[in-house]
Enquirer: 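Please read through the structure below; I'll follow up with questions.
Order of appearance sets the numbers: ligands from 1, and atoms from 1 within every ligand. Since we're looking at a predicted model, the values are computed, not measured. Side chains are part of it too, since the values below use all heavy atoms of this structure and drop only hydrogens, waters and symmetry mates.
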Amino acid sequence: MSEAGAALDVLLTEERRFPPPEHSRKGAVVADRGPYERAERDRLAFWESWAEELDWFEGWHTVLEWEPPHAKWFVGGRLNAAHNCLDRHLEGPRRDKPALIWEGEPGDTRSFTYAELHAEVSRLANALKGLGVQKGDRVAIYLPMIPEAAIAMLACARIGAPHSVVFGGFSPEALADRINDAQARVLVTADGGYRRGGVVPLKLNSDKALEACPSLESVVVVERGEELSRGIEVPMTAGRDHFYSDLVAEASSECPAEPMDSEDLLYILYTSGTTGTPKGVVHTTGGYLTQVSATTKCVFDLREDDVYWCTADVGWVTGHSYIVYGPLANGATVLMYEGAPDWPRNDRFWDICARYGVTVFYTAPTAIRAFMKWGERWPAKHDLSRLRLLGTVGEPINPEAWMWYHRVVGGGRCPIVDTWWQTETGAIMITPLPAVTTTRPGSATEPFPGIRATLLDDDGNEVNAGFLAITEPWPSMMRTIYGDEQRYRDTYWSKWDGIYFPGDGAKYDNDGYLWILGRVDDVLNVAGHRIGTMEVESALVDHEAVVEAAVVGKTHDVKGQAIAAFVTLREGVDGSQALEGRLREHVVQKIGAIARPEIVVFAADLPKTRSGKIMRRLLKDVAEGHRLGDTTTLADPAVVEALQMKYGGEED
Ligand code: PRX
């Protein structure tokens, strides 16, 4: 953690403090430290009070059963997530309130009231049933950011079919792996989607994937638009493929919500870990919905007339928890945008904020750093005065980006919530509360009420700087890794006894605030996307020219980290520029564009310990141009020196 330590020294010279602005306290969901005190006194009663805010078909008899590493929350209770996001809002004035306002990248728009969204979800739920989907069957979703993505998730939830959403930027191979791991029966995809003016051919990608997916029986194809389908091929396989519009046209808009056990599976979401295969993170229903709805309400201080915009993609957990389940469970108006922030110009986000009167805006530090680079003149063109609260998630935010966000986007008046959490935690865990917490730029501050976090060393001693650790179970925690219980135990629960290990390093400051420093394992965070070094390495060695590969992260001013690949080639193969390009494309083909290595270095040898383990730490030093760390354990110290000469890293 030497590098993280250096970053920290910079962070800790950051002395600015921002008390909650007076205006944020009026009518705030949480206006004082009451919830912290209540949760401190009785954590389970605190969570129970949030569960009571949901609609249950049957009450629970026990709040928590905890047999490490397995938790059951609200045991015996029955509820349905889609019912909680839709049906229960239909009784009162929310019935005709906009639930989802959507804008496509070309500028087309659609909007659904709660009543309309309910009807559409019910129709698709019936259509899925018509295709033979039953409670417990897995449905894969591979869609652009269009309303049907949320509709498909909720339709699955309605009939008790766990969904597995696969980010639309993943390659056919990555899609196939995920479909096969979950043994999905049905895939919901689209003809295509727009990205930066181009079309992503999702149906063609799906067809390629499905060549290797024997469990898959039916495909539902959403038609993104006439204009789009004229430009690309959309082959349909008779008997297997169905157009969405045909299916829903025939389906009834009445579909009873399936009463699910609190611990029934709501979804599987794949995320990267330290091996070459992604993990299917399993989330269940009652605890998940309780914590996502509580955190959405408190952290974003949600008010009835808010226009709430989270810029994540539904393919990631942020999209699941804070575009779909959290905000809709709270009856919010959610804005959704299909495309890129710089299309057609660098002010697209600010243009959207102004036109729709966005009040709460939640994005990632990598996006903020891109906005900074593009310059203040872009947000300055638009009226952002409706914004009242800003949020960030996905990686540590550097104080400079925090300050820019605060001053330029927030006009100096909006509190910023820096929210730390993970796919595995399901919901926000460490965060300021906007009307209560004095913030410090770069710090996620303190655990949400009811969450117990601390910092530990390898031996489980409490320390001031070390590994972040969650010491008590929480409602939205992952329940296991789909089909791989052992990996679940090994990855998260083997470091300490009964304590969750998230894989992040962190430190306390002298105010007692937490500063998250980033991953301490072989997981990279590239533009807020989690990528395992092993995944990229497996993709590289899959290429015929490659014998061995080692991948490390290199600091990048916008993406946070970029991928640097050190590659040993087969005897007689030339390390040409053309081959560099082919290797990059090979990784894109195997995983997706998010994993494209920025730097490819051909190496005659890789630095290894005497037992043959590649020393990534030294490669990181090479990539960063740092002075080399301890090389005494290397089998051949000359290897890394040669690499350093070749890469041209400067000593600092
Ligand atoms: O390293 C932490 C970083 O993102 C990781 C989780 O990635 P993922 O499961 O893809 O979920 C991202 C969205 C919840 C964490 O282990 N991370 C996330 N939020 C923050 C963060 N690092 C620092 N500060 C944050 N606010």
Enquirer: Answer yes when E40 and R33 have at least one side-chain N-carboxylate O distance shorter than 4.0 Å, and no when they do not.
Expert: no
Enquirer: Do the ring planes of W421 and Y322 sit parallel (below 30°), tilted (30 to 60°) or perpendicular (above 60°)?
Expert: perpendicular
Enquirer: Over 60° means perpendicular and under 30° means parallel, so classify the ring planes of F467 and F501, tilted if in between.
Expert: perpendicular
Enquirer: A140: which residues meet the side chain to side chain contact (heavy atoms under 4.5 Å, CB included) condition with it, sequence neighbours left out?
Expert: I179, A184, L187
Enquirer: I'd like the contact residues of ligand 1, where contact means a heavy atom below 4.0 Å.
Expert: V317, T318, V393, G394, E395, P396, D418, T419, W420, W421, Q422, T423, D504, I516, R519, N525, R530
Enquirer: Parallel, tilted or perpendicular: which describes the rings of F349 and F361, with under 30° parallel and over 60° perpendicular?
Expert: perpendicular
Enquirer: In terms of the angle between their ring planes, are Y500 and Y492 parallel, tilted or perpendicular, with boundaries placed at 30° and 60°?
Expert: parallel
